[in-house]
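Have a look at the structure below, then the notes.
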Amino acid sequence: MLSRRAFFAAAGALSASAFSSGPARAAGPAPVPAAFPLSIAVAEGEAGAPVRDDAWVDAQIAEAVRLFAPAGVALRKVGSRALPSRFAKLETRADRDALADALEARRINVMVVASLRDVDDPGRFRMGVHWRHRATPDRRFVILAAHAAPSVLAHELGHYFGLGHSGTADNVMSYVRTGAPVSFNAAQLEKIRSSARRYAAGKQLDPA
């Protein structure tokens with residue numbers, strides 16, 4: 001027969017067991033950083049002036065910030081620097097690759113140039129591109145031409161965060177514009193979030 005003291009000791013142990021939290025839960029997905037860093041480099045023209053001024057660059061960033069906000073991903077300019085005039089006009093794949101020597105580590109590098117020839121169709125010029133250095137594809141960056149439309153930075157950053165092109169008019173990742181507001185769709189926003197968490201977990205980019 002249990003003594004009175006043994007009975008209450010056993011009851012206390014049972015109660016503690018009933019309210020224990022059990023095995024530790026696995027860690028959830030890595031949080032998205034407060035903001036991803038954009039490092040801006042603007043080529044100098046022949047006269048030594050930048051091919052685009054700060055106001056133009058800031059307008060491109062503001063539009064990208066607006067479009068990425070529904071994904072919970074923030075972008076912030078953390079620096080701006082000049083590129084030598086030899087980078088102002090990019091004609092070939094080698095010209096694009098050469099920009100890799102000007103990259104800042106652990107940041108999303110955005111290079112603004114005067115002109116960007118289409119290397120697949122040399123008769124055309126592009127407004128922007130997400131480019132991977134051919135010999136070392138981990139070195140990647142965004143190139144914007146000086147005549148880029150307002151949502152081009154957002155489009156190229158979409159590629160940076162893993163998106164392909166879209167055939168839907170007025171989608172950020174489409175080439176088709178009707179004059180209506182542009183946006184990402186729900187699946188694209190989820191892909192952006194997923195890539196952002198992966199970048200955060202891999203510590204590929206410094207938080208801004």
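Heavy-atom basis, side chains included; hydrogens, waters and symmetry copies ignored.
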Go through it in stages, so that I can follow the logic: the residues are Val113 and Val51, the test is side chain to side chain contact (heavy atoms under 4.5 Å, CB included), and I'd like the CA-CA distance, side-chain angles, deciding distance and then a yes or no. CA-CA 6 Å; Val113 301; Val51 299; 5.5 Å; no

So which atom in [X] and which in [Y] form the shortest heavy-atom distance, rounded to 0.1 Å?
| X | Y | value |
| --- | --- | --- |
| Leu67 | Val182 | CD2-O, 3.3 Å |
| Ser174 | Gly167 | OG-C, 4.4 Å |
| His159 | His165 | NE2-NE2, 3.2 Å |
| Pro50 | Val42 | CB-CG1, 3.8 Å |
| Ala82 | Glu44 | CB-OE2, 3.8 Å |
| Ala145 | Leu116 | CB-CB, 4.2 Å |

Heavy-atom side-chain proximity of [X] to [Y] below 4.5 angstrom:
| X | Y | answer |
| --- | --- | --- |
| Val78 | Leu38 | no |
| Leu83 | Met111 | yes |
| Ile192 | Leu163 | yes |
| Leu144 | Val110 | yes |
| Val142 | Leu157 | yes |

Judged by atom type as modelled, is there a donor-acceptor pair below 3.5 Å linking the side chain of [X] to the main-chain atoms of [Y]?
| X | Y | value |
| --- | --- | --- |
| Ser195 | Lys191 | yes |
| Gln60 | Val57 | no |
| Thr92 | Asp95 | yes |
| Arg140 | Ile108 | no |
| Asp118 | Gly123 | no |
| Arg106 | Lys203 | yes |

By ring pair (Phe, Tyr, Trp, His ring centres under 6.0 Å) - contacts of [X] (at least two apart):
| X | result |
| --- | --- |
| His147 | none |
| His133 | none |
| Phe68 | Phe161, Phe184 |

Taking 4.0 angstrom as the limit, do Asp120 and Arg126 come out as a salt bridge? no

Does [X] belong to the same Ile/Leu/Val/Met/Phe/Trp/Tyr cluster as [Y], with side-chain heavy atoms less than 4.5 Å apart forming each link?
| X | Y | answer |
| --- | --- | --- |
| Phe141 | Val152 | no |
| Leu153 | Leu189 | yes |
| Phe36 | Leu103 | no |
| Tyr160 | Val129 | no |

Could you tell me which residues satisfy side-chain hydrogen bond (donor to acceptor under 3.5 Å, both in side chains) with Arg76, sequence neighbours excluded, listed by chain and number? none

Can you list the steps and then say if Asp97 with Leu99 is a side chain to side chain contact (heavy atoms under 4.5 Å, CB included)? CA-CA 5 Å; Asp97 280 349; Leu99 282 170; over 6 Å; no

Rounded to the nearest 0.5 Å, what's the gap from [atom1] on [X] to [atom2] on [Y]? Could you check?
| X | Y | atom1 | atom2 | result |
| --- | --- | --- | --- | --- |
| Asn109 | Glu104 | CG | CD | 6.0 Å |
| Ser194 | Tyr199 | OG | OH | 9.5 Å |
| Asn171 | Ser183 | CG | OG | 6.5 Å |
| Arg96 | Ile143 | CZ | CD1 | 5.5 Å |
| Leu75 | Arg66 | CG | CZ | 13.0 Å |
| Ser166 | Asn185 | OG | CG | 6.5 Å |

Could you name each residue pair satisfying side-chain hydrogen bond (donor to acceptor under 3.5 Å, both in side chains) that touches residues 49-59, not counting sequence neighbours? Asp58-Lys77

Would Arg177 and Ser151 count as a side chain to side chain contact (heavy atoms under 4.5 Å, CB included) here? Give the steps. CA-CA 11 Å; Arg177 297 285 185 268; Ser151 62; 3.4 Å; yes

Does the side chain of Arg139 pick up a donor-acceptor pair with the side chain of Thr136 at under 3.5 Å? yes

Please check if any side-chain donor atom of His155 sits under 3.5 Å from a side-chain acceptor atom of His130, or the reverse. no

Using the rule given for side chain to side chain contact (heavy atoms under 4.5 Å, CB included), can you reason through Trp131 versus Arg93, listing the C-alpha separation, both sets of side-chain angles and the distance that settles it, and then say yes or no? CA-CA 9 Å; Trp131 187 252; Arg93 290 179 174 85; 3.8 Å; yes

Tell me if the CZ atom of Arg124 is crowded by more than 12 foreign heavy atoms within 6.0 Å. no

Let me check something: any side-chain donor-acceptor pairs from residues 84-91 under 3.5 Å, sequence neighbours excluded? List them with distances.
from  : atom 1 : to     : atom 2 : distance (Å)
Glu91 : OE1    : Arg117 : NE     : 2.4
Glu91 : OE1    : Arg117 : NH2    : 3.2

